[in-house]
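For reference, the structure discussed in these notes is given below.
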2 protein chains.
Amino acid sequence: MVDRTGRRPTIYSVAERAGVSIATVSRVLRRPGEVRASTRDRVLAVVEEMGYVPDGAARSLAVKSHEAHGLVLPELRGPYYADLLTGYEQGAAEGGASVVVLLTHGKDDVDLLVRRLAGRVDGMVLMGAVPVSSRTVDAVRAKLPVLVLADRHQDAVESFSTENVGSAEQLTRHLIEEHGRRALRFVGTPDIADDVQERYAGFVAAHEAAGLAPADPVPATFREDDGPRVAALLLDGELEADGVVCANDELALSVMQRLLAAGVDVPERISVTGWDDVMAARYVTPGLTTVAQPVRELGREVAVRMRGLLEDRHSAPERHVLPTRLVLRQSCGCP
Amino acid sequence: MVDRTGRRPTIYSVAERAGVSIATVSRVLRRPGEVRASTRDRVLAVVEEMGYVPDGAARSLAVKSHEAHGLVLPELRGPYYADLLTGYEQGAAEGGASVVVLLTHGKDDVDLLVRRLAGRVDGMVLMGAVPVSSRTVDAVRAKLPVLVLADRHQDAVESFSTENVGSAEQLTRHLIEEHGRRALRFVGTPDIADDVQERYAGFVAAHEAAGLAPADPVPATFREDDGPRVAALLLDGELEADGVVCANDELALSVMQRLLAAGVDVPERISVTGWDDVMAARYVTPGLTTVAQPVRELGREVAVRMRGLLEDRHSAPERHVLPTRLVLRQSCGCP
DNA sequence: TTCGTCGTCGTAAGCGCTTACATAGCGTTC
DNA sequence: GAACGCTATGTAAGCGCTTACGACGACGAA
């Protein structure tokens with residue numbers, strides 16, 4: 001399994017053992033059609049026997065391609081990022097590229113890590129929520145194609161996102177028109193991320209269309225931990241509402257659970273809605289009304305687009321928005 | 001931003017522009033202490049100005065290290081793999097390595113992909129459930145350290161897993177002793193994966209300890225889709241049981257929901273338990289009794305161990321088992 | 001027979017880094 | 001003031017691949 005030098009086999013040891021030149025070994029592996037069958041078989045036998053695996057770094061250096069994409073996400077909680085990664089990996093794999101993931105949560109040198117990553121991949125996908133300076137983004141963009149997800153649209157940089165304003169408006173209108181809600185609150189901090197902002201915008205739009213005054217958002221993070229706090233405000237009467245439109249499902253589930261535990265009738269007295277359609281949303285009682293995003297498809301499309309950019313670096317930046325789907329269950333008041 | 005050749009800057013263009021040799025540029029970036037402050041500043045200024053990012057492949061080739069680990073998982077559904085990856089990425093990042101993920105689900109040339117991956121990383125972690133031939137595993141092991149997760153313990157290859165037999169036994173005993181169950185069924189296909197096998201073994205052990213005859217397992221995959229089928233068996237009376245020990249939470253949730261929808265009193269008439277403690281487990285009613293695994297810690301420990309192996313390749317293969325924790329909620333019969 | 005063609009394979013020049021070693025400059029020491 | 005040591009930097013040899021180019025022989029056509 002080891003050549004005479006005691007090190008792992010290289011293309012040289014394989015060539016020597018098979019009695020051919022290194023060029024032939026390379027051809028056997030990359031363009032088998034160009035070498036005579038008998039030679040090919042002999043070389044393949046040696047490859048197998050020695051357990052030769054070509055060094056990716058050397059290949060990358062020679063072909064000037066890393067055959068890898070970088071995917072930078074804040075974390076991996078919840079189904080969103082995992083699905084995104086799943087779809088992306090699939091799309092990248094279809095083009096023969098692997099994906100290097102960088103999770104920024106808890107790291108304090110994100111800019112450095114992103115720059116370093118830029119040296120090891122052919123293209124990079126940045127989640128809007130990652131804390132990276134625009135200086136760094138610019139530096140990386142100068143070197144390779146960059147795609148941004150769910151971020152405020154900076155011109156010049158191509159972005160993907162799922163539709164937010166429209167579906168938030170539709171959801172809110174549903175609560176107002178179908179369930180007669182008049183005192184809705186949006187739970188989530190718009191400044192925290194671009195999509196939250198858009199969801200709130202939809203919330204506002206629906207109110208204006210109905211001639212109602214939209215209330216200010218109730219600040220909350222995406223984490224479950226904030227649910228109890230918000231529920232307490234509702235229970236104490238500090239927050240008067242007959243419905244809460246939460247920025248995501250974790251928050252909604254957590255709020256709803258607290259309300260139910262306190263004996264509040266959901267949805268009779270208060271409607272609760274979420275966003276994302278996590279698994280728990282269809283198992284809880286009442287079922288959580290929410291908005292489903294085609295996250296896996298999103299991931300795949302992003303990867304496909306990245307492959308396109310790698311082919312043709314000069315295509316103009318586009319803006320992609322994927323449609324979402326309102327999922328009506330019982331927590332809004334539907335039967 | 002681009003040197004005179006129109007290509008991206010290399011260490012040569014930076015050196016030329018800064019009026020130093022490439023060795024000095026390299027030193028500025030890797031061992032700043034060895035170069036005079038004035039020179040260093042000058043070089044750094046040029047680096048910044050040109051937007052220079054060292055090529056990872058060239059570096060890897062020179063230092064003979066990819067500074068990356070491979071993580072091969074079947075998929076990314078549910079919190080298990082996502083948490084594992086999160087923990088692993090953290091542990092790897094602490095050692096300055098990035099992680100390349102390979103998802104095997106839906107791919108038919110897994111062996112080839114794994115071999116190829118082996119050429120781009122310094123070490124590889126294989127989930128037991130990935131469909132890879134042992135020939136391939138051996139070939140990869142000959143080249144770099146391999147760690148296996150939740151797999152049948154092949155000697156020689158180091159493995160990590162969470163405790164299964166003991167906690168399954170404990171869970172089953174709880175159902176028998178505390179809730180007086182006498183006709184339990186295990187839902188899951190032991191052959192499918194090593195951990196399912198172990199969980200069933202614990203199920204059997206508890207029965208034997210109680211002087212009861214353990215029933216055969218009811219085959220089912222990890223997916224939610226199998227829940228309705230199993231529930232139907234229970235409802236039709238084809239399966240007589242006063243409790244089902246499911247191989248994971250998805251299955252358990254799905255079965256439980258069907259039973260409840262059909263008017264069966266869970267846990268009064270039938271206890272239901274799962275495994276993994278997914279988020280939905282604490283939001284459903286009744287709360288799902290399950291077993292929590294320290295997945296993130298597992299991931300991190302695996303990464304740390306991998307870094308150790310990379311330092312000292314000759315350490316003997318160890319077998320690591322992390323403890324799990326029984327989470328009693330109401331679906332077993334507890335108040 | 002001669003020449004061109006084609007298929008097969010070897011030679012060698014990179015790809016962009018790191019680093020051992022050599023060298024130059026300069027302050028110390030006796 | 002010569003010998004020495006130390007620091008800062010340059011020179012150049014790889015690292016293991018890919019591939020342009022050319023050599024060579026076999027073969028068919030003229």
*Report the distance from atom CG of A/D111 to atom CZ of A/R115, rounding to the nearest 0.5 Å.*
7.0 Å
*Distance-only, no hydrogens or angles: does the A/D109 side chain make a donor-acceptor pair with backbone N or O of A/L112 under 3.5 Å?*
no
_Nearest-0.5 Å distance that lies between atom CD in A/E89 and atom CG in B/L103_ = 4.5 Å
*With a 3.5 Å cut-off and no angle check, do the side chains of A/E158 and A/H320 form a donor-acceptor pair?*
yes
*So, A/R120 and B/S60: side-chain donor and acceptor under 3.5 Å apart, yes or no?*
yes
*Would you mind reading off the distance between B/D41 atom CG and D/dT9 atom P, rounded to a whole angstrom?*
11 Å
*With rounding to the nearest 0.5 Å, note down the distance linking CG in B/L29 to OH in B/Y52.*
6.0 Å
*Could you point out which residue of B/R36, B/R31, B/R30 forms a salt bridge (Lys or Arg N to Asp or Glu O under 4.0 Å) with B/E34?*
B/R31
*Estimated bend of the helix from C/dT1-D/dA30 to C/dC30-D/dG1 (axis per five terminal pairs, rounded to 10 degrees)*: 50°
*Rounded to whole angstroms, how far apart are CG on B/D55 and C1' on C/dT18?*
13 Å
*So does A/R59 get a side-chain nitrogen or oxygen closer than 4.0 Å to the phosphate oxygens (OP1/OP2) of C/dC15?*
no
*Figure out the CG/P separation between B/L61 and C/dT19, and round it to whole Å.*
12 Å
*Would you say the side-chain atoms of B/R8 pair up with the backbone N or O of A/A142, donor to acceptor, closer than 3.5 Å?*
yes
*Identify, residue by residue, the members of residues 113-122 of chain A with a heavy atom below 4.0 Å from DNA chain D, and return them in order of residue number, or none.*
none
*Verify, without hydrogens or angle tests, whether A/H66 (side chain) and A/L61 (backbone) share a donor-acceptor contact under 3.5 angstrom.*
no
*Under 3.5 Å: donor-acceptor pair, side chain of A/S134, backbone of A/V137*: no
*Whole angstrom value for the distance that separates P of C/dA20 from CZ of B/R31*: 7 Å
*Side chain of A/K64 only, please: which of C/dC15, D/dG16, C/dC17 is the nearest?*
C/dC15
*Given salt bridge (charged side-chain N to carboxylate O under 4.0 Å, His left out), test B/E67 with A/R116 step by step and report yes or no.*
CA-CA 11 Å; B/E67 296 167 335; A/R116 191 166 301 180; over 6 Å; no
*With the sugar-phosphate defined as primed atoms, P, OP1 and OP2, and the base as all remaining atoms, what B/S/- string results for nucleotides 8-13 of chain C, 5' to 3', for protein heavy atoms under 4.0 Å?*
SBBB--
*Whole-Å distance between C/dA20 P and B/R30 CZ?*
15 Å
